[in-house]
There are 2 protein chains.
Amino acid sequence: MSPKSKEQIEIIRQQSRDNILEAALDLFSNHGYESTSISAIAKAAGISKGLIYNYFEGKDHLLRSILESAMKVGNDIFDQEDDEIRTPQEHLSRIIDQVFLVIRNNRVFWRLIILLSLQKGVGSKMAEMSQKQNKRQITKATSLFSRMGVHKPYKEALLLGALIDGIALQYVGMQENYPLDHQIAHLKERFDLV
Amino acid sequence: MSPKSKEQIEIIRQQSRDNILEAALDLFSNHGYESTSISAIAKAAGISKGLIYNYFEGKDHLLRSILESAMKVGNDIFDQEDDEIRTPQEHLSRIIDQVFLVIRNNRVFWRLIILLSLQKGVGSKMAEMSQKQNKRQITKATSLFSRMGVHKPYKEALLLGALIDGIALQYVGMQENYPLDHQIAHLKERFDLV
DNA sequence: GTCTATAAATTGATAGAC
DNA sequence: GTCTATCAATTTATAGAC
């Protein structure tokens, strides 16, 4: 009846979907997955409860959609190679920059990831994926430290991984005013990447 | 009626109380506070729902009891001074050992602490307390690094704090087989504490 | 495409029996 | 000291009106 084209309908659907996802991410991240009700999401998104079930099969499916879409963005950034990098120092420095760029641009999302990685349940699978990628990066960092002539490259990489996780944890947990740039700068200094 | 003395009754009460607290801590830590129901706690403790309300006013009071009792243990350990320590290196090394001793002995509890520190809600107050103590330790570490002749003592202390948090996060999040001792050893090496 | 009304199950919490 | 029975509120999820 109404003269809307299929494209316009699709746009509206996408907007509604994204609106729900955005509200859900914010609540999941701030209050936790289990303690966030569908009603709360609907209220935050300014819509009715019923509409959510029009776009997502259930609460768990909603969470998985959030994780999948956001994880995609993260992977895209990590996979881009940079041919202009010459020294292992530059390479490591670049990786660190990319990691924190992703974290900075997806603060609420990463708080949710950390939250889920600590809990059994729905998000466990995602936590496993995250850990697998972490291992890959440890391997890469080890080889780079090795090329740098560091004495214990594997141990160094492991420690760097813990340090990055720690800074990320403090950053996403702090309300604001966290000296992220200072921490990154001093981190690079301490690992001879400057 | 029954010939039980007041002391015996008190012992039974204490046992039941501790039994509930233990079950609740385990579930809160593994599945999160909000997603753990009173029914689940009762089942895990092998008792009825009603009994829980005989010992605790409600779910929030139960959580606070857990935090208070466990936090007490932590404070006791941190506050003990050691007069035999001479060099700032030894002092810092000792502090690090104490921190990880507490974390190691209360793994599930610290996972809960981190969990709560990331979420708004019931545990926020505890997270604030934890952060305050963190600041005190940063100050102490700064002065010790200063006495060691480190160039940027405050930045160094801040980075050490993040590293400790990161190792702790990985340790409590990992199922097992985390190389905690290796990480601590290499951490001390990298900060010239050996 | 969105909403309201409602069903069915679960939650935190209480009262009273033993 | 412990349990069972039960309440009121809230939860996820569905069906049907517009």
Side-chain angles (χ1 to χ4, degrees), chain A residues 1-25 27-28 30-66 119-123, chain B residues 1-25 27-28 30-67 116 119-123:
Chain A
M1 307 307 167
S2 76
K4 284 175 183 164
S5 68
K6 283 186 180 178
E7 290 85 12
Q8 280 177 320
I9 289 179
E10 186 56 36
I11 289 176
I12 292 178
R13 277 192 65 86
Q14 197 61 40
Q15 282 177 340
S16 285
R17 220 184 103 96
D18 289 346
N19 180 33
I20 295 170
L21 284 173
E22 195 179 340
L25 170 58
L27 289 172
F28 285 163
N30 280 303
H31 304 273
Y33 168 72
E34 306 274 2
S35 62
T36 300
S37 68
I38 298 283
S39 307
I41 297 173
K43 187 182 282 184
I47 55 165
S48 71
K49 275 190 295 186
L51 190 59
I52 293 182
Y53 288 96
N54 195 327
Y55 289 97
F56 302 95
E57 292 174 17
K59 209 174 140 183
D60 53 340
H61 185 258
L62 183 50
L63 175 63
R64 245 184 305 142
S65 296
I66 290 175
Q119 293 180 239
K120 296 172 180 170
V122 202
Chain B
M1 312 295 170
S2 74
K4 284 175 182 161
S5 69
K6 284 185 178 177
E7 290 85 11
Q8 281 176 320
I9 289 179
E10 185 56 36
I11 288 175
I12 291 178
R13 277 193 65 86
Q14 197 62 39
Q15 281 177 342
S16 285
R17 219 184 106 97
D18 289 347
N19 180 32
I20 295 170
L21 284 173
E22 194 178 341
L25 170 58
L27 289 172
F28 285 164
N30 280 303
H31 304 273
Y33 168 73
E34 306 273 2
S35 63
T36 301
S37 67
I38 298 283
S39 307
I41 297 173
K43 186 182 282 185
I47 54 164
S48 70
K49 273 193 297 185
L51 190 58
I52 293 181
Y53 289 95
N54 196 325
Y55 289 97
F56 302 95
E57 292 174 18
K59 206 174 145 184
D60 54 340
H61 184 259
L62 183 49
L63 175 64
R64 245 185 303 142
S65 297
I66 290 176
L67 296 178
L116 294 175
Q119 293 180 237
K120 296 172 181 170
V122 201

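Legend: residues meeting side-chain contact (heavy atoms from CB on, under 4.5 Å) with A/E10, ordered by chain and number and at least two apart, are A/R13, A/Q14. By the side-chain contact (heavy atoms from CB on, under 4.5 Å) test, A/S39 pairs with A/S37, A/K49, sequence neighbours left out. Residues satisfying the side-chain contact (heavy atoms from CB on, under 4.5 Å) test with B/K43, not counting sequence neighbours, are none.
Nearest heavy atom pair, residue B/I66 against residue B/A24, reads CD1-CB, 3.8 Å. Between B/Q119 and A/Q119 the shortest heavy-atom distance is OE1-OE1, 4.2 Å. B/A42 and B/I52 make their closest contact through N-CD1, 3.8 Å (heavy atoms, listed as atom of the first residue, atom of the second, distance). Nearest heavy atoms, A/S35 versus A/G32: OG-O, 3.5 Å. Nearest heavy-atom pair across B/L21 and B/S65 is CD2-CB, 4.0 Å. The two residues B/A45 and B/N19 come nearest to each other via the heavy atoms O-ND2, 3.1 Å.
Contacts between residues 41-48 of chain B and DNA chain D, defined by a heavy-atom separation under 4.0 Å, are made by B/I47, B/S48. For the segment residues 14-25 of chain B, no residue has any heavy atom less than 4.0 angstrom from an atom of DNA chain C.
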Where do N or O atoms of nucleotides 9-12 of chain C meet protein N or O atoms at under 3.5 Å, pair by pair?
{"from": "C/dG12", "atom 1": "OP1", "to": "B/K59", "atom 2": "NZ", "distance (Å)": "3.0"}
{"from": "C/dG12", "atom 1": "OP2", "to": "B/I38", "atom 2": "N", "distance (Å)": "2.8"}

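Considering CG of B/L27 and NZ of A/K120, their distance stands at 9.0 Å, rounded to 0.5 Å. Note: B/L25 CG to B/N30 CG = 9.0 Å, rounded to the nearest 0.5 Å.
Nucleotides of DNA chain D with any atom under 4.0 Å from a heavy atom of chain A span, from 5' to 3', D/dT11 to D/dT14.
Among the heavy atoms of the strands lying under 4.0 Å from B/Y55 are primed sugar atoms or P, OP1, OP2 only; no base atom is included.
Terminal axes of the helix from C/dG1-D/dC18 to C/dC18-D/dG1 (five pairs each, C1' rotation axis) are separated by 0°, to the nearest 10°.
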Inset, instruction - For side-chain contact (heavy atoms from CB on, under 4.5 Å), just list the numbers for A/I38 and A/Y53, CA-CA rounded to whole Å, side-chain angles, deciding distance to a tenth of an Å, and then say yes or no. - result: CA-CA 9 Å; A/I38 298 283; A/Y53 288 96; 3.6 Å; yes
Atom pairs and distances, donor-acceptor, side-chain atoms in residues 56-64 of chain A, under 3.5 Å, two or more places apart:
{"from": "A/K59", "atom 1": "NZ", "to": "A/Y33", "atom 2": "O", "distance (Å)": "3.2"}
{"from": "A/K59", "atom 1": "NZ", "to": "A/E34", "atom 2": "O", "distance (Å)": "3.2"}
{"from": "A/K59", "atom 1": "NZ", "to": "A/T36", "atom 2": "O", "distance (Å)": "2.7"}

